[in-house]
Amino acid sequence: MSLPRTVIRNGLVITAAEEVHADVLIEGERVVALAATGSSAAQAWTAETEYDATGRYVVPGGVDAHTHMEMPFGGTKAADTFETGTRAAAWGGTTTIIDFAIQSVGGTLRDGLDAWHAKAEGNCSIDYGLHMIMADVTEDSLKEMDVLVEEGVTSFKLFMAYPGVFYSDDGRILRAMQRAGGNGGLVMMHAENGIAIDVLVEQALAAGRTDPRYHGEVRRELLEAEATHRAIQLSRVAGGAPLYIVHVSAEQAVAEIAAARRLGLNVFGETCPQYLFLSTDNLAEPDFEGAKYVCSTPLRPREHQAALWRGLRTDDLSVVSTDHCPFCFNGQKELGRGDFSKIPNGMPGVENRMDLLHQAVLDGNISRRRWIELACATPARMFGLYPRKGTIAPGADADIVIFDPHERYTMSAATHHMNVDYSAYEGKQVTGRARTVLSRGAAVVHDGEYVGRPGHGTYLPRGTSQYLI
């Protein structure tokens with residue numbers, strides 16, 4: 001039986017490697033050929049479905065390697081389910097997410113993984129993988145790491161923050177790094193000195209400093225930089241185990257990563273759009289509005305943004321993910337009125353990332369190919385999904401976005417598709433938007449309509465990192 005064929009004609013195909021005016025032929029779920037637009041080869045193609053991409057970009061679907069759908073936090077849980085969150089991701093041109101399964105203290109990695117499979121299975125509009133949060137490093141969970149890597153869960157997140165919840169001390173972190181160094185896993189690190197931060201939180205609250213802006217003030221840049229430095233040294237002691245620092249927000253932390261990379265170490269940095277486009281000015285918004293912007297690591301003073309953009313250009317920061325973990329302002333963020341430490345930590349963004357980074361291209365901060373590298377190709381390589389994901393090439397999944405680089409629109413909670421009652425970018429005008437989004441050859445979004453379905457998205461077992469030095 002022949003597979004259904006789709007052709008995308010007349011677009012500018014942009015990957016991390018090149019920009020070329022080409023038509024793309026898809027059979028079933030995979031890309032099978034590219035040919036120069038107008039060439040005899042391209043003109044000979046016939047297909048049941050054709051898309052005209054004249055004046056538009058044809059780019060790989062985005063890979064968001066850091067999301068938290070339905071994540072429990074502080075007595076509530078993230079407002080997006082796997083169904084609503086993956087639908088919103090597709091609207092924004094993202095066709096793969098990697099979410100975080102959570103081990104409970106006293107529980108097994110397997111129990112946590114099974115719980116997240118149950119949440120996601122049959123509910124996703126786009127493909128998804130899972131990282132593993134290790135909240136309890138024991139001899140048993142260290143052995144489980146080997147099994148999970150064999151099964152395609154190849155990355156493990158540890159926390160130097162949140163004592164009493166996710167926190168691991170240096171000894172446990174070292175043991176996990178040593179294990180990952182042996183089994184090929186990648187350790188992802190939330191690098192903040194949580195022990196010191198808790199002292200500063202206690203002191204701030206005792207002094208009556210309870211507003212959201214103090215969330216940023218107690219989570220000091222130096223405590224992010226110190227933890228980043230310490231994580232790097234522990235990875236070196238562990239024999240050079242690869243290390244990926246999540247949601248880097250401060251200039252001093254970027255400097256620690258840059259110094260490690262100059263030594264040739266397998267140390268990688270991720271940042272997020274909120275650190276590139278927002279700042280402590282947002283955390284200081286009056287009438288508790290600043291609570292909308294409470295996340296950890298926190299937003300920083302605006303002057304840190306230049307160092308983050310510079311890091312993205314030099315590859316000291318290699319990936320832009322969202323850390324999408326939305327909590328509604330009404331009823332969820334409000335839990336922290338009168339005590340900033342009780343505000344659920346997290347912000348919405350899975351729908352906004354591709355468009356914000358395209359705006360960064362127009363603003364002169366990154367190139368078009370770097371946009372695709374940061375949002376698609378490198379996260380796929382970093383987490384063992386390339387070249388199935390992250391590029392447009394024969395054999396790759398047909399996760400493709402037809403992107404209009406000229407369409408202007410205003411970001412707003414009134415029009416976004418995330419299941420949250422505010423937009424972190426309310427009123428921001430951007431130019432460029434996904435118009436047609438294909439996931440494994442099937443349209444999920446087309447010309448302003450959602451045409452996908454829950455359950456189309458499949459689970460992705462992953463290889464080990466393909467981005468090591």
Side-chain angles (χ1 to χ4, degrees), residues 3-4 6 15 24 26-32 58-70 80-101 113 116-132 148 151-155 319-322 324 350-351 353-354 372 375-402 417-418 434 436-446 450-466:
L3 295 170
T6 300
T15 66
V24 182
I26 299 162
E27 286 187 358
E29 298 188 345
R30 299 286 176 95
V31 176
V32 293
V58 178
V59 301
V63 178
D64 191 343
H66 191 154
T67 67
H68 295 283
M69 308 303 176
E70 302 180 46
D80 263 319
T81 64
F82 278 90
E83 181 176 346
T84 65
T86 58
R87 185 169 64 227
W91 274 102
T94 286
T95 54
T96 301
I97 63 165
I98 313 179
D99 207 85
F100 286 85
L113 189 59
W116 255 256
H117 276 305
K119 294 181 188 195
E121 189 171 359
N123 293 316
C124 295
S125 297
I126 58 173
D127 291 353
Y128 62 98
L130 292 171
H131 309 289
M132 190 79 231
L148 264 58
E151 293 180 5
V153 178
T154 55
S155 37
V319 171
V320 177
S321 305
T322 59
H324 176 79
V350 75
E351 187 173 348
R353 181 184 66 127
M354 292 289 284
I372 301 306
C376 312
T378 300
R381 291 174 64 196
M382 189 75 71
F383 296 106
L385 291 171
Y386 193 87
R388 181 177 175 186
K389 306 294 186 184
T391 192
I392 300 174
D397 282 355
D399 289 7
I400 296 176
V401 177
I402 301 175
H417 304 88
M418 297 173 287
T436 297
V437 179
L438 306 182
S439 168
R440 301 193 328 276
V444 185
V445 173
H446 182 56
Y450 172 74
V451 293
R453 61 175 177 82
H456 164 79
T458 61
Y459 171 68
L460 301 166
R462 297 179 290 113
T464 54
S465 179
Q466 302 156 288

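All heavy atoms count here, side chains included; hydrogens, waters and symmetry mates do not. In this text the structure is predicted, and so the values were computed from the model without any measurement.
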Residue Glu121 excluded, over 12 heavy atoms near CD under 6.0 Å = no
Heavy atoms, side chains only, cut-off 4.5 Å: are Met69 and Cys124 in contact?
-> no
Taking NZ, NE, NH1 and NH2 as the nitrogens, is one of them in Lys389 or Asp127 under 4.0 Å from a carboxylate oxygen of the other?
-> yes
Pair Asp399 + Arg440: basic N to acidic O under 4.0 Å | no
Side chain of Trp91, backbone of Tyr450: donor and acceptor closer than 3.5 Å?
-> no
Would you kindly say whether Ser125 and His456 are connected by a side-chain donor-acceptor distance under 3.5 Å?
-> no
Phe82 and Asp99: side-chain contact (heavy atoms from CB on, under 4.5 Å), yes or no, with the steps?
-> CA-CA 9 Å; Phe82 278 90; Asp99 207 85; 3.6 Å; yes
Sort out for me which residue in Ile26, Val401, Val24, Val444 forms a side chain to side chain contact (heavy atoms under 4.5 Å, CB included) with Leu438.
-> Ile26
Test item: side-chain donor near acceptor, Arg353 and Thr322, under 3.5 Å | no
Evaluate the ring planes of Phe383 and His131, with Trp represented by its six-membered ring, and classify them as parallel (under 30°), tilted (30 to 60°) or perpendicular (over 60°).
-> perpendicular
Residues passing the side-chain hydrogen bond (donor to acceptor under 3.5 Å, both in side chains) test with His66, sequence neighbours excluded, are His68, Glu270, Asp323
Polar contact flag, side-chain donor to acceptor under 3.5 angstrom, His324-Asp64 | no
